[in-house]
Amino acid sequence: MSDKPEARGSAGSPAEEEIRLPVDEHIEEEVSASGKRVRAKGIYLLPNLITTGALFSGFYAIVAGMGGNFEAAAIAIFAAMILDGLDGRVARLTDTQSAFGVQYDSLSDMVSFGLAPALVVFSWGLGPLGKLGWAAAFLYAACAALRLARFNTQVDTVDKGVFIGLASPTAAAIVASMVWAGHDADVGTGLAVVAALVTVVAGMLMVSNFHYTSFKKLDFKGRVPFVMLLVIILVFSLVTIDPPRVLLVIAVIYTFSGPAMWALKALRERRRAQQEGAAGGVSPKSDDEPSS
């Protein structure tokens, strides 16, 4: 018998165990520039750092809402929206997309646009409704989770130019701007009912089949007409007049664009079907029919 210990496999070698970090290193497969699948170690810092900022904003919104600082809570949700819009675009522009980043972004969205708006609106205006209030808030949070889960499973099969169902940041914008606009109001039963209806409708639209423009196909590296910059400046100017109410109007207009486009499409198809039916319903007179 040899006094030397038996050699272990490469996966359990003492040398590897000695260099293993207390926190496991992230390893995932990705496609290299040559088209081969390779095992990449570590994560990309910049986009995930922005996602962490969005997650912190959502967490702060929850804490601020619990403390009764509803204006700061609503602003924090909008800050999370800005950061959420940046992380994906930064990842695409710098070619730092990863499966880890996609999942981390989805979990951040659940906190910032699912839990945070639900808890903030409950602390602000759904309390007077009792169980109906927290049921409305939970329905919104559950719909946000379902929306994100459906998006993750359809991300590779759905047209990048559209969202199926209202995007969770837009639903959060409706709820947050409503809270922001009425942060200093004395919430009674009437306003609480309105807040509950808005919360429920925003939640249900997230799991609907209405199509919304995603604006993901905008080319930020290409040239645009000069008037486009003027339009953006005009929008910024309008927002500065009364940020919560202007943002609420913009969010509501975008929210109703989905059902409006669906109704127009259904109306056009119905008219087309009627026209085709009228054109195909004209037939020559039969010999058995009596002449006038």
Side-chain angles (χ1 to χ4, degrees), residues 81 85 88-89 109 113-114 117 136 139-140 142-178 181 193-220 222-232 234-235 238-239 245-292:
M81 289 179 56
R89 298 193 182 279
D109 289 351
F113 311 130
L139 177 65
Y140 175 92
C143 288
L146 294 172
R147 167 72 176 81
L148 292 168
R150 184 175 68 174
F151 176 80
N152 289 344
T153 56
Q154 296 178 345
V155 66
D156 295 326
T157 59
V158 178
D159 182 11
K160 300 292 185 181
V162 297
F163 288 132
I164 298 180
L166 184 65
S168 56
T170 307
I174 295 176
V175 175
S177 56
M178 175 181 64
V193 171
V194 174
L197 290 176
V198 172
T199 303
V200 170
V201 170
M204 296 303 294
L205 285 175
M206 282 191 284
V207 295
S208 69
N209 286 324
F210 295 127
H211 287 200
Y212 292 88
T213 302
S214 67
F215 302 106
K216 288 186 176 181
K217 292 186 176 180
L218 292 178
D219 185 9
F220 287 93
R223 293 180 177 270
V224 296
F226 178 76
V227 69
M228 183 64 67
L229 182 60
L230 295 179
V231 171
I232 296 175
L234 178 61
V235 172
L238 291 175
V239 171
R245 290 172 177 81
V246 174
L247 291 173
L248 177 60
V249 170
I250 294 175
V252 169
I253 291 175
Y254 178 78
T255 298
F256 281 101
S257 67
M261 295 300 296
W262 175 84
L264 289 175
K265 183 178 179 180
L267 183 60
R268 291 173 183 172
E269 291 180 352
R270 182 177 180 182
R271 288 180 178 176
R272 186 182 302 112
Q274 291 176 348
Q275 292 174 357
E276 292 176 354
V282 177
S283 59
K285 185 186 296 184
S286 174
D287 295 338
D288 295 336
E289 293 179 5
S291 59
S292 57

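Any value given below was found using the heavy atoms of this structure, including those in side chains, with hydrogens, waters and symmetry copies removed.
In terms of the salt bridge (Lys or Arg N to Asp or Glu O under 4.0 Å) criterion, residue partners of R245 (sequence neighbours excluded) are, by chain and number, D242. Residues satisfying the side chain to side chain contact (heavy atoms under 4.5 Å, CB included) criterion with L139, sequence neighbours excluded, are C143, V200, M204. Applying the ring pair (Phe, Tyr, Trp, His ring centres under 6.0 Å) criterion to F256, with sequence neighbours excluded, gives no partner residue. With sequence neighbours excluded, the residues that form a side chain to side chain contact (heavy atoms under 4.5 Å, CB included) with E269 are K265, R272. The side chain to side chain contact (heavy atoms under 4.5 Å, CB included) search around A167 returns R147, F163, P169, T170, not counting sequence neighbours.
Of the inter-residue distances, the one linking F151 atom CZ with D109 atom CG reads 9.0 Å to the nearest 0.5 angstrom.
When all heavy atoms of T255 and P259 are compared, the pair lying nearest together is O-CD, 3.2 Å. When all heavy atoms of V207 and R150 are compared, the closest pair comes out as O-NH1, 3.5 Å. Of all heavy-atom pairs spanning A171 and A202, the tightest one is CB-O, 4.0 Å. Taking each heavy atom of T199 and A136 in turn, the nearest pair found is CG2-O, 3.8 Å.
At a threshold of 4.5 Å between non-hydrogen side-chain atoms, the residues F113 and M81 count as touching. Side chains of W262 and S257 form no contact here, defined as non-hydrogen atoms less than 4.5 Å apart.
None of V201, V175, V198 except one satisfies the side chain to side chain contact (heavy atoms under 4.5 Å, CB included) rule with Y140; the exception is V175. Each of V249, I174, L166 was evaluated against Y254; a single residue qualifies, L166, per the side chain to side chain contact (heavy atoms under 4.5 Å, CB included) test.
The salt bridge (charged side-chain N to carboxylate O under 4.0 Å, His left out) analysis of residues 164-176, with sequence neighbours excluded, yields no pairs.
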